[in-house]
Amino acid sequence: MKEIENHKCHGGTLAVYEHTSTSLNCDMRFSVFLPPQADNGKVPFLTFLSGLTCTHENFTTKAGGYAYAAEAGLAIIAPDTSPRGDDVPDEDDYAFGKGAGFYLDATEEPWNKHFNMESYITTELNKLICDKFPVLADRQGILGHSMGGHGALVLGLKFHKLYQSISAFSPVVAPMQSPWGQNAFSKYLGTDKMSWKNYDATEMMKRTDDRSQYPGILIDQGTADDFLEEQLKTDLFQEPCARANQKLIVRMQEGYDHSYYFIQSFIGDHIKHHEKILKAF
């Protein structure tokens with residue numbers, strides 16, 4: 001692991017690192033914000049998953065979350081969205097390939113050599129963070145935006161023992177019913193749509209018997225989001241959550257779009273959501 005940059009930030013530190021990933025077979029970068037409380041012991045932490053075309057830099061430089069995280073005493077990890085490098089296969093499509101890893105483990109060639117973002121986020125990077133930084137492995141939350149919101153919901157539901165708290169901005173809640181998801185799943189996972197259901201939060205919730213014992217999920221969605229009707233389909237997630245007794249807060253934010261200005265406006269609420277859950281243990 002190599003440190004690329006390091007800055008004092010809201011009394012804590014913000015650093016960017018690069019390492020060689022065995023899951024993705026390429027070099028990857030991620031940022032780590034440590035609040036000032038980390039000087040005196042281990043702290044809970046959040047993993048933020050970014051959306052299509054993004055890297056670790058989008059959240060790190062645009063989200064405005066570190067003042068809230070410093071106050072709450074939470075660390076924040078922001079990984080890249082996808083494998084990178086000249087050896088990684090790609091297509092001329094912003095919604096597929098580099099920049100569009102969809103937080104799954106690909107099964108189809110040539111994608112399965114590199115596009116294993118589920119394993120990278122939940123196993124390899126998670127172990128690296130817990131081994132190298134003053135964080136509490138048993139107090140983690142996950143959140144994300146757009147494709148990353150999809151990732152946060154799916155990984156949060158699938159790895160519920162790892163992530164105690166979940167939230168999302170403008171998530172793709174039903175990728176099997178989204179052109180983005182259909183395109184990516186067909187190429188990464190093949191034609192067997194049963195395998196797609198393992199990466200669709202709405203389908204996962206439909207197969208869940210009872211989640212009444214789990215903390216609530218927070219979703220913020222802008223009403224002026226150009227992708228809402230065709231790609232995001234926020235409303236599809238609400239009925240299966242109600243049927244599974246999953247506590248869910250969906251806030252339709254009037255006039256907000258899909259940008260990081262939207263995330264900046266409500267990131268404080270999301271950090272408080274996670275803080276309340278993670279500090280209750």
What heavy-atom pair brings Leu278 and Pro44 nearest, and what distance separates the two atoms? CD1-CB, 4.0 Å

Any chance you could measure Cys54, atom SG, to Lys62, atom NZ, to the nearest 0.5 Å? 7.0 Å

Shortest non-hydrogen contact between Leu125 and Pro79, atoms and distance: CD2-CB, 3.6 Å

Kindly state whether the ring of Phe59 and the ring of His145 have centres lying under 6.0 angstrom apart. no

In terms of relative ring orientation, are Phe102 and Phe185 parallel, tilted or perpendicular, with 30° and 60° separating the classes? perpendicular

Donor-acceptor contact below 3.5 Å, side chain Thr47 vs main chain Ile142: no

Distance-only donor-acceptor check, side chains Asn116 and Ser23, under 3.5 Å: no

Exercise: identify the closest heavy-atom pair between Ile77 and Phe30: CG2-CD1, 4.4 Å

Set out, in order, the CA-CA distance, both residues' side-chain angles and the distance that settles salt bridge (charged side-chain N to carboxylate O under 4.0 Å, His left out) for Lys272 and Glu275, then state yes or no. CA-CA 5 Å; Lys272 288 178 182 177; Glu275 178 190 14; over 6 Å; no

Between atom CE of Met176 and atom CG of Leu236, what is the distance when rounded to the nearest 0.5 Å? 12.5 Å

I need the minimum non-hydrogen distance between Arg243 and Lys206, along with the two atoms involved. NH1-CG, 4.3 Å

How about Phe33 and His10: are their ring centroids closer than 6.0 Å? no

Polar side chain donor-acceptor pair, Asn126 to Gln140, under 3.5 angstrom: yes

Do you know which of Asp86, Asp87, Asp80 makes salt bridge (charged side-chain N to carboxylate O under 4.0 Å, His left out) with Arg84? Asp80

With no hydrogens and no angle check, is any side-chain donor or acceptor of Lys233 less than 3.5 Å from a backbone partner on Glu229? yes

Write out all pairs satisfying side-chain hydrogen bond (donor to acceptor under 3.5 Å, both in side chains) with one or both partners inside residues 174-194, taking only residues at least two apart or from two chains. Glu91-Lys187, Asp93-Asn183, Tyr94-Trp180, Ser178-Gln231, Asn183-Lys187

For residues Asp225 and His258, is any side-chain donor paired with an opposing acceptor at under 3.5 Å? yes

Answer yes or no: is there a donor N or O on one side and an acceptor on the other, between the side chain of Glu71 and the main chain of Tyr66, under 3.5 Å? no

Of Tyr261, Tyr256, Tyr68, the residue whose pairing with Phe266 passes ring pair (Phe, Tyr, Trp, His ring centres under 6.0 Å): Tyr256

Under a plain distance cut-off of 3.5 Å, with no hydrogens placed, do His274 and Ser167 share a side-chain donor-acceptor pair? yes

Ignoring hydrogens and angles, tell me if any N or O in the side chain of Ser82 forms a donor-acceptor pair with the backbone of Gly101 under 3.5 Å. yes

Short side-chain to backbone donor-acceptor contact, Glu124 and Thr22, under 3.5 Å: yes

Smallest heavy-atom separation, Ala75 atom then Leu34 atom, equals CB-CD2, 4.0 Å

Nearest heavy-atom contact between Ala174 and Thr202 is CB-OG1, 3.7 Å

Okay, side chain of Asp105, backbone of Ser119: is any donor-acceptor separation there less than 3.5 Å? yes

Strictly distance-based, threshold 3.5 Å: is any side-chain N or O of Gln37 a donor or acceptor partner for the main-chain N or O of Ala70? yes

